[in-house]
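Accompanying notes for the structure given below.
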Amino acid sequence: MIPLCRAPRGTVDVLPEEQPYWGHVYHTATRLAKLYGYSRIDTPMFEEASLFVRGVGQATDIVQKEMYVFQDRGGEMMALRPEGTANVCRAYIQHGMHNLPQPVRLYYWGPAFRYDRPQAGRQRQFTHFGCEAIGEDDPALDAEIIELAWRLYQELGITDLSLQLNSIGDPNCRPRYLAALKAYYEDKLGRVCPDCRARFQTNPLRLLDCKVEGCQPIIAAAPPFTDCLCQECAKHFQELRSYLEALAIPYTLNPRLVRGLDYYTRTVFEIQPPEQAAQNTIGAGGRYDGLIEELGSRPTPAIGFATGVERVIANLKRAGVPMPAPARPAVFVAYQTAAARSAAVRLASELRRAGIAAVMAVGGRSLKAQMRQADATGVLYAAILGEEELATGTVMLRRMEDGQQERVALQDACQRLKANA
RNA sequence: GUGGGCGUAGCGUAGCGGUUAACGCGCCAGGUUGUGGCCCUGGAGAUCGAGGGUUCAAAUCCCUCCGUCCACCCCA
């Protein structure tokens, strides 16, 4: 029996006191995206399930055990999007964006869904901000995306992150590498963990990021992908590195960095906070030169990046980045007697019309109780309407900070408050 | 899917076999003659996660389920 009044497992309510973090991340992210020439795109939160099966990869955990799939009333198999890249690529194809000047630079912000067991840094509904640059394989574009990501965190105020970088080749050189990796592991299977024995069969690349202690020495001595890259991929990677160095973006070469989605080629990167927490990658991305073709269009190179907003916010808190105080209304309109209520309603309305945020006392409480509310609301001024004010067409303006108050003519109230608030 | 910790008022906690379950914060109302923050007084609010069992007696012990947190898997 699931309690009725409880958010579904793995989902959260973002309460008013959390909103400053969300506003900060949202405004920083969208401002930066525009600064780099990216345009906003919004895609549906659900799509034909097969889009993700093809796009993300049949063999991935995301598709095999984490996708929210459902049959709609027309019998179509749909899925809540587990990430944003497949949607954006679908939109690129559907709207013939290959006719636009390439690359097409797009950014998005919105929820994604994965049916996981929740834990620290992992929810079933989470928020992705992402950028995609489609239609160009120039490593300068890789550098642009990485710089955008890096700068995002810097401007947000998280400065102790590390950038992990690797290249996982393309369809030319990856089979060669996988063969080398498997050959290396062949005679060591007896010494690795059971998970790794399974990975050897299903997803050999994942062997490289096993966390089991006993597997670490074997991973450390495994051949790095960068030794097996074909000439084109090696050149691409080398150029990217030279750009990152020119941009003074510090990165760590991590030959063990692999990604869980099938579509990645060549460049892959992750951005992580210093602690070795479990779910610690706050942003990641890479090149996916084969995805558009896999979805049925012409071969089109592309690179993208996405960050988990909830994880970003967790890190803002961890790093103690101060947030601006949430906006509070400027004025609380209180009244003494029932006779003054109508005047109070009108005053509150006029204040708002003048652009002054105002809340009015409701519920017919005592003036004392109204003042308590005014205080709790955190307003700058209380506007009090009593019998005297009513009789003289005035209002008492009380500055909450120090209790100073003055009586002004009703018609001057807006101007007076505007000057002081 | 697997493993571990935890579930007592809105929040944070105490109580850990025995009369009407306690405290802090918060909330509401008062502290006379039109007004907040401090202080004082009073009040509302908990079927002690749910169901079953042990016992004369269970919030307290046992089992099951649910929820939650953390970890694995995997990922943002």
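Here is the naming used below: chain letters follow the sequence lines, and residue numbers restart at 1 for every chain.
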How far does the [atom1] atom of [N] sit from the matching atom of [M], given to the nearest Å?
N: B/G12; M: B/G51; atom1: P; answer: 23 Å
N: B/C38; M: B/U19; atom1: P; answer: 37 Å
N: B/G31; M: B/C16; atom1: P; answer: 41 Å
N: B/A59; M: B/A46; atom1: C1'; answer: 11 Å
N: B/U20; M: B/C6; atom1: P; answer: 29 Å
N: B/G42; M: B/A22; atom1: P; answer: 15 Å
N: B/C27; M: B/G4; atom1: P; answer: 42 Å
N: B/C65; M: B/C70; atom1: P; answer: 23 Å

Quick one: does NZ or CZ of A/Arg124 land under 6.0 Å from the six-membered ring centre of A/Phe113, within 45 degrees of the ring axis? no
Rounding to a whole Å, what distance do you find between [X]:[atom1] and [N]:[atom2]?
X: A/Leu380; N: B/G37; atom1: CG; atom2: P; answer: 18 Å
X: A/Arg122; N: B/A76; atom1: CZ; atom2: P; answer: 12 Å
X: A/Asp116; N: B/C73; atom1: CG; atom2: P; answer: 12 Å
X: A/Met396; N: B/G36; atom1: CE; atom2: C1'; answer: 15 Å
X: A/Glu387; N: B/G34; atom1: CD; atom2: C1'; answer: 8 Å
X: A/Met67; N: B/C74; atom1: CE; atom2: C1'; answer: 15 Å
X: A/Leu397; N: B/U35; atom1: CG; atom2: C1'; answer: 13 Å
X: A/Glu66; N: B/U2; atom1: CD; atom2: P; answer: 16 Å

Residues [X] and [Y]: side-chain donor-acceptor under 3.5 angstrom:
X: A/Glu294; Y: A/Tyr288; answer: no
X: A/Glu387; Y: A/Thr337; answer: no
X: A/Thr307; Y: A/Tyr153; answer: yes
X: A/Tyr243; Y: A/Glu147; answer: no
X: A/Glu144; Y: A/Tyr38; answer: yes

So what does [X] hit on the nucleic acid, given a heavy-atom distance under 4.0 Å: a base, only sugar-phosphate, or nothing?
X: A/Ile282; value: sugar-phosphate
X: A/Gln125; value: nothing
X: A/Ala120; value: sugar-phosphate
X: A/Gly121; value: base
X: A/Gly283; value: sugar-phosphate

Report, one pair per line, the protein and nucleotides 4-12 of chain B atoms (nitrogen or oxygen only) whose separation is under 3.5 Å.
none

From B/C70, B/U35, B/A76, nucleotide with atom closest to A/Thr281 side chain: B/A76
Can you figure out which of B/G34, B/G67, B/C74 approaches the side chain of A/Arg206 most closely? B/C74
Salt bridge (charged side-chain N to carboxylate O under 4.0 Å, His left out) for A/Arg287 and A/Asp289? Distances and angles first, verdict last. CA-CA 6 Å; A/Arg287 186 159 274 290; A/Asp289 292 340; 2.8 Å; yes
Name all residues meeting the side-chain hydrogen bond (donor to acceptor under 3.5 Å, both in side chains) criterion together with A/Gln405; count only those two or more places apart in sequence or in a different chain, and write none if there are none. A/Arg398
Give me each pair satisfying ring-ring contact (aromatic ring centres under 6.0 Å, His included) with a member in residues 301-336 of chain A, each pair once, sequence neighbours excluded. none
Contacting residues from residues 363-372 of chain A, given that a heavy atom lies under 4.0 angstrom of RNA chain B: A/Arg365, A/Ser366, A/Leu367, A/Lys368, A/Ala369, A/Met371, A/Arg372
Scan residues 302-320 of chain A against RNA chain B and write down, sorted by residue number, each residue with any heavy atom closer than 4.0 Å; if none is found, say none. A/Gly308, A/Arg311
Quick check on RNA chain B: between A/Arg114 and A/Gly403, whose nearest nucleotide comes earlier from the 5' end? A/Gly403
Assert: residue with more 5' nearest nucleotide on RNA chain B, out of A/Arg407 and A/His128, is A/Arg407
So how far is it from [X] [atom1] to [Y] [atom2], rounded to the nearest 0.5 Å?
X: A/Leu51; Y: A/Met77; atom1: CG; atom2: CE; result: 14.0 Å
X: A/Arg266; Y: A/Ile303; atom1: CZ; atom2: CD1; result: 10.5 Å
X: A/Leu417; Y: A/Leu380; atom1: CG; atom2: CG; result: 9.5 Å

Dot-bracket, 5' to 3', for RNA chain B please: Watson-Crick or G-U pairs under 3.5 Å, [ ] where pairs cross earlier ones, | where the partner sits on another strand, dots elsewhere. ((((((((.[[[[.)..(...]]]].(((((.......))))).....[[[[[..)....]]]]])))))))....
Indicate, yes or no, whether a donor-acceptor pair under 3.5 Å links the base of [N] to the side chain of [X].
X: A/Glu389; N: B/G34; result: yes
X: A/Arg9; N: B/G67; result: no
X: A/Asp375; N: B/G37; result: no
X: A/Arg199; N: B/C74; result: no
X: A/Gln405; N: B/U35; result: yes

Carboxylate-amine/guanidinium proximity below 4.0 Å for A/Arg114 and A/Asp61: no
Hey, can you tell me if A/Tyr185 and A/Phe200 have their rings parallel, tilted or perpendicular (30° and 60° cut-offs)? tilted
Is it the case that atom CE in A/Met45 sees more than 12 heavy atoms from other parts of the structure closer than 6.0 Å? no
Please indicate whether A/Gln154 has more than 12 foreign heavy atoms, meaning atoms of other residues, nucleotides or ligands, lying under 6.0 Å from its CD. yes
Side-chain N or O of A/Gln119 closer than 4.0 Å to phosphate OP1/OP2 of B/C72: yes
The single option from A/Arg54, A/Arg81, A/Arg90 that satisfies salt bridge (Lys or Arg N to Asp or Glu O under 4.0 Å) with A/Glu47 is A/Arg90
